[in-house]
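Here is the structure we will look at, set down as structure tokens.
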Amino acid sequence: MNGSTDIRRTQVAIIGGGPAGLLLGQLLERGGVDTVIIERRSREYVLSRIRAGVLEAGTVGLLREAGAGERMDREGFEHEGTYLAVANRGFRIDFKRLTGGSVTVYGQTELTRDLYEARDASGRPVLHEVEQVRIHDADSASPWIGFNYQGRQQRLDCDYIAGCDGFHGVSRGSIPAELLREFERVYPFGWLGILSPTPPVSDELIYASHERGFALCSMRNPRLSRYYLQVPLQDSVEQWSDRAFWDELRRRIPHAAAESLVTGESIEKSIAPLRSYVAEPMRWGRLFLCGDAAHIVPPTGAKGLNLAASDVYYLSRALLQHYRENDDHGIETYSETALARVWKAERFSWYMTRLLHRFPEQSEFDLRMQEAELNYLESSAAAQTALAENYIGLPF
Ligand code: APR
Ligand code: PHB
């Protein structure tokens with residue numbers, strides 16, 4: 001914990017010290033708005049989470065603005081395209097030629113570490129390992145948060161509350177049930193992912209569609225690779241030895257990649273379920289939801305972190321507009337503005353998941369539709385451009 005522990009009042013209280021909460025904290029602090037971040041876990045725990053790492057240009061810009069972009073600019077990779085593979089044959093989507101844009105590959109764990117260091121440098125507080133967090137009077141002019149910290153009950157008064165506490169946090173549940181609408185699609189499979197201290201098999205990501213299921217080849221740096229396989233939800237990590245994982249990956253990726261694949265002992269292995277989820281509205285009174293607290297995307301479109309950054313973009317602008325110009329237009333329109341971009345990213349993530357995975361209930365006709373869609377994508381610059389502009393990130 002940095003800064004004094006006896007904090008009674010702030011302008012914006014941020015619940016959640018993940019990427020959304022930290023990024024919002026930095027942008028507001030740099031704009032002269034006081035913030036306090038409270039986080040349920042220790043910093044080590046937050047930084048131990050293995051998460052994706054493809055950043056849209058908008059997210060990259062916000063990280064630089066937050067004073068947390070220096071290492072990303074030094075160690076991140078600019079990717080001007082990606083490979084799609086069908087039945088062991090690949091084709092490239094050239095983002096740069098089709099849209100003029102690109103993405104940056106830089107691990108979310110590293111990015112979160114950079115944001116914590118920027119927060120430390122600001123001297124503003126992050127209270128870790130808080131418990132029993134409860135939001136009070138969010139629909140009044142003087143909201144406050146009650147929580148237990150270091151064995152003592154605390155009260156934090158504020159003007160606004162940013163719920164950046166992820167899918168399992170308390171913020172979304174603080175919106176009266178009769179006002180909250182939820183939209184969800186749970187996919188009938190998971191992603192088995194490994195992290196392996198081996199050189200990446202390709203210079204850009206490979207998204208592979210195969211009759212045995214989807215596969216993804218990604219990376220963290222020249223000595224650290226990240227691979228995923230679509231597996232049945234019933235599977236457990238114990239069922240998948242490294243050997244079984246590598247053999248199955250080789251079966252699903254383009255032959256040339258399979259031949260040059262460097263294998264090794266995995267240093268992390270886990271299965272993640274796939275879900276599309278959106279909660280509306282993203283604001284109730286003086287409580288705002290950001291990131292996973294309001295929406296979840298399947299990872300196929302690499303949108304999770306970028307959507308959190310998008311929410312933070314709109315909310316930081318809205319709050320700075322309030323404090324600087326006493327203009328509440330951004331606050332009034334935050335939910336609809338953020339949701340408009342959320343739904344487009346949800347559509348793209350659902351589209352990529354439907355396009356590249358095998359569904360247990362798929363009919364022969366469905367399979368032909370999938371095949372025709374992939375063939376159309378391979379042969380049409382217009383189709384590739386649509387995919388590319390969504391993948392690199394639609395404008396804020
Ligand atoms: N009180 C305080 N902190 C809480 C509480 C609570 N009651 N509940 C959860 N938290 C903390 C979690 O411990 C976590 O560190 O809120 C943080 C939420 O962080 P994330 O789950 O990483 O969510 P977000 O910051 O919105 O980032 C979204 O994370 O899951 C990925 O794919 C997702 O990339 C996306 C990104
Ligand atoms: C990852 O690097 O972990 C990753 C990349 C792209 C995705 C999902 C995950 O779509």
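Whatever order the structure lists them in is the order used to number ligands and atoms, beginning at 1. Keep in mind that what you see is a predicted model, and the values were worked out from it rather than measured.
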Mind checking whether [X] has an N or O less than 3.5 Å away from an N or O of ligand 2?
X    : result
W191 : no
R226 : no
A52  : no

Option set [options], criterion heavy-atom distance to [atom], minimum:
atom                    : options                : answer
atom 21 (O) of ligand 1 : G166, G304, A294       : G166
atom 12 (C) of ligand 1 : R40, E39, R41          : E39
atom 26 (O) of ligand 1 : L127, L115, D292, I296 : D292
atom 1 (N) of ligand 1  : L305, V297, V133, L23  : V133

Does A20 reach ligand 1 with a nitrogen or oxygen that is under 3.5 Å from one of the ligand's nitrogen or oxygen atoms?
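For ligand 1, there is an N or O atom that lies under 3.5 Å from one belonging to A20.
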H168-ligand 1 polar pair, N/O distance under 3.5 Å:
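No.
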Show the atoms of ligand 1 that are less than 4.0 angstrom away from any heavy atom in [X].
X    : answer
I38  : 2 (C), 3 (N)
C164 : 16 (O), 17 (C), 18 (C)
I15  : 1 (N), 2 (C)
G291 : 26 (O)
G169 : 8 (N)
R49  : 12 (C), 13 (O), 14 (C), 15 (O)

Does the plane of the ring in H357 sit parallel, tilted or perpendicular to the ring in F189? Use 30° and 60° as the thresholds.
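Taking F189 first and then H357, their aromatic rings lie parallel (interplane angle under 30°).
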On the 0 to 90° scale, with breaks at 30° and 60°, tag the Y160-H322 ring pair as parallel, tilted or perpendicular.
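Plane angle over 60°, so perpendicular.
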Side chains of [X] and [Y]: donor-acceptor distance under 3.5 Å anywhere?
X    : Y    : answer
E75  : Y106 : no
R119 : T35  : yes
E80  : S102 : no

[X] contact mode with ligand 2 (heavy-atom cut-off under 4.0 Å):
X    : result
L216 : side chain
Y106 : neither
S218 : side chain

Just which atoms of ligand 2 are under 4.0 Å from any heavy atom in T300?
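Close to T300: 10 (O).
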Need the ligand 2 atom indices (1-based, order shown) with element for anything under 4.0 Å from a heavy-atom of Y207.
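Within the 4.0 Å cut-off of Y207, ligand 2 contributes 6 (C), 7 (C), 10 (O).
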Any idea which protein heavy atom is nearest [atom], and the distance to it?
atom                    : value
atom 8 (C) of ligand 2  : P299 O, 3.3 Å
atom 34 (O) of ligand 1 : Q108 OE1, 2.8 Å
atom 3 (O) of ligand 2  : Y228 OH, 2.5 Å

Do Y391 and H79 make the cut of ring centroids closer than 6.0 angstrom?
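Ring centroids of Y391 and H79 are no less than 6.0 Å from each other.
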Reported CG-to-CG distance for the pair D292 and L305, which is rounded to 0.5 angstrom:
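D292 atom CG to L305 atom CG measures 9.0 Å (nearest 0.5 Å).
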Measuring from Y207:OH to I93:CD1, what's the distance to the nearest 0.5 Å?
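Output value for this atom pair is 11.0 Å.
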Please confirm whether R172 makes a cation-pi placement over F167, using NZ or CZ under 6.0 Å from the six-membered ring centre and within 45° of the ring normal.
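Yes; both conditions hold, so R172 lies above the ring face of F167.
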